[in-house]
Amino acid sequence: MKFQKICVIGLGYIGLPTASTFAAHGVNVLGVDTSQHIIDTLNKGKIHIHEPGLHDELKKAIQSGNFKAATKPEEADAFIIAVPTPFQENKFGEYNGVTYKLADMRAVISATESIVPFLRKGNLVVLESTSPPLTTVDLVGPILARSGLEAGRDFHLAYSPERVLPGQIMRELIENARVIGGVTPESAQMGHDLYATFVKGQIIKTDATTAEMVKLMENTYRDVNIAIANEFSRLADKFGVDVWEAISIANLHPRVKILTPGPGVGGHCISVDPWFLVESAPELTQLIYHSRMVNDAQPHFVVNTVKRALGSLDGKRIAALGLAYKPDVDDLRESPANEVVHLLQSEGALVKAWEPFKPDANLVGITMSPTLEDAIKDADALLLLVGHTEFRRFNPMQIAGKTKARILVDTVNGWDVEAWKNAGFDIHVLGVGKVRNT
Ligand code: SAJ
């Protein structure tokens, strides 16, 4: 095997599944993370994130002796960088009066720097972190050159974006098509050979900057399409139309596939990545910018819907069901639900949040309930913010016995209106301009 030992730097939602999958396929993997807590947790065979199938894969990898975790890299045949690229907190770009967010590349920079002392001739370095165009060539390559070795001549350098869907990562890592962009065709080939260890989907070779663009285009395409669904929900509300019904009819057209409206777009990918294109070329990205604005404003539309259901929010007790950024995941990053809770509170509402995937989450300014019962008992309204399967499966009669609330606001079309109505609830669904239960 060409790749007997690899280092995976960054053991989060992407790095850890990737490291575990390589180890399960016979590669000796050193997982690297700057957090000693994460390293200790993993070396004990425990896990710090929730992803179906990951814990089992990791346990297998540890038992086989193929996986260990440490805070520093070692010499290896290949290095994979899978660290986060969030926004900068306090710095923004500006173009023609428009303010835009900027990528914080510090983790990519320090992960790359950590490889420099261990880089050897013939090695492969792959960046997986979603990054602005030209990062591989203009940022990673020059840092690695501090080793005295040149990318494309002495070692191989490639960009290969992860494209897996949280909640289905373990399956999609293996089955999805994978793009490998090399700084040279040889680098792309080496990347191909590395991922062929486990990828069953097509592996497409291209150059590094194209691969970076592909990743950003995919997530931006989704963001723009969710924005139009969210805008349709506001129009439907205005015109007394049920957006869910209208979308399902429109989608019968063979060339139309409208996505789903909701409380907004969250997570660490779709709500972040389009900004990397805006940052790179603000003069060319009006549609992308405005789609971000539409999605970021959707929590305000949720609050208006809640206000219509409850009248004034002042002093009203609201049980917010779900804080994750999407159904059946424990990831609360950039969650629109979080923003909704803050907006409701700013209008005087008393909100208790229940998140079954992270009941003990510590979020500034948000009161978490330890149980569902605690969240809903004294509520004036229940607000469904995430379509977790367990929420969708609620038995309306049972819930009616556990809460004094008789008003529901459903932002994800997750509940059967008739069933809840029969249990005595008045239900308001986001993007439904007429009250559906009349
Ligand atoms: N959402 C909607 N309506 C929809 C679909 C999603 O409001 O119709 C919302 C979700 O509730 C969530 C956000 O958008 O708040 C993003 O969710 P998602 O399921 O669309 O995507 P992510 O962020 O979990 O994963 C995306 C995926 N990209 C694409 O589908 C193009 C995944 O394949 C990528 O690997 C991942 O980003 C990533 O890591 O970049």
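Note that ligands are numbered from 1 as they come in the structure, with each ligand's atoms numbered from 1 the same way. Quick note: numbers below take in every heavy atom, side chains included, and nothing from hydrogens, waters or symmetry partners. This is a predicted model, so every value here is computed, not measured.
Atoms of ligand 1 lying under 4.0 Å from any heavy atom of Cys269, numbered from 1 in the order shown and given with element: 23 (O), 36 (C), 37 (O), 38 (C), 39 (O), 40 (O). Near Pro166, meaning under 4.0 Å from one of its heavy atoms, ligand 1 places the atoms 24 (O), 25 (O). Atom numbering of ligand 1 starts at 1 in the shown order; those under 4.0 Å from a heavy atom of Arg163 are 32 (C), 33 (O), 34 (C), 35 (O).
Nearest to atom 23 (O) of ligand 1 among the protein's heavy atoms is Ile270 CG1, 3.5 Å. In terms of protein heavy-atom proximity, atom 39 (O) of ligand 1 is nearest to Glu162 OE2, 2.4 Å. Here the heavy atom of the protein found nearest to atom 1 (N) of ligand 1 is Ile226 CD1, 3.5 Å.
Using a 30° and 60° split on the angle between ring planes, Phe357 and His388 fall in the tilted class, from 30° to 60°.
Between Tyr325 and ligand 1, a contact under 3.5 Å exists for at least one N or O pair. The shortest N or O to N or O distance between Asn219 and ligand 1 is under 3.5 Å. Among the atoms of Gly266, some N or O lies under 3.5 angstrom from an N or O of ligand 1. Residue Thr260 has at least one nitrogen or oxygen atom sitting less than 3.5 Å from a nitrogen or oxygen atom of ligand 1, judged on distance alone.
For the atom pair Thr112 OG1 and Leu119 CG, the distance stands at 10.5 Å (nearest 0.5 Å). Atom CD of Glu390 sits about 8.0 Å away from atom CG of Leu372, to the nearest 0.5 Å. How far OH of Tyr100 is from CG of Leu277: 12.5 Å, rounded to the nearest 0.5 Å. Rounded to the nearest 0.5 angstrom, Met368 CE and Leu363 CG are separated by 6.0 Å. Note that CD of Gln202 is 12.0 Å distant from CG of Asn176, once rounded to the nearest 0.5 Å.
Closest non-hydrogen pair, Ala375 versus Ala319, comes out as O-CB, 3.3 Å. Nearest heavy-atom pair, Thr411 versus Leu383, reported as atom, atom and distance to 0.1 Å: CG2-CD1, 3.9 Å.
Of all the heavy atoms of Val164, the ones lying under 4.0 Å from any atom of ligand 1 belong exclusively to the backbone. Residue contacts with ligand 1, taken as heavy atom pairs separated by less than 4.0 Å, involve Lys215 solely via side-chain atoms from C-beta onward.
Heavy atoms of Leu165 come nearer than 4.0 angstrom to ligand 1 in at least one pair. Under the 4.0 angstrom criterion for non-hydrogen atoms, Gly267 is not in contact with ligand 1.
The residues Glu175 and Lys200 are annotated as not salt-bridged, no charged nitrogen and carboxylate oxygen being separated by less than 4.0 angstrom. A salt bridge is absent between Arg178 and Glu162; no separation between the charged side-chain nitrogens and carboxylate oxygens falls under 4.0 Å.
Of the listed options Lys326, Glu218, Arg222, Arg222 places a heavy atom closest to atom 20 (O) of ligand 1.
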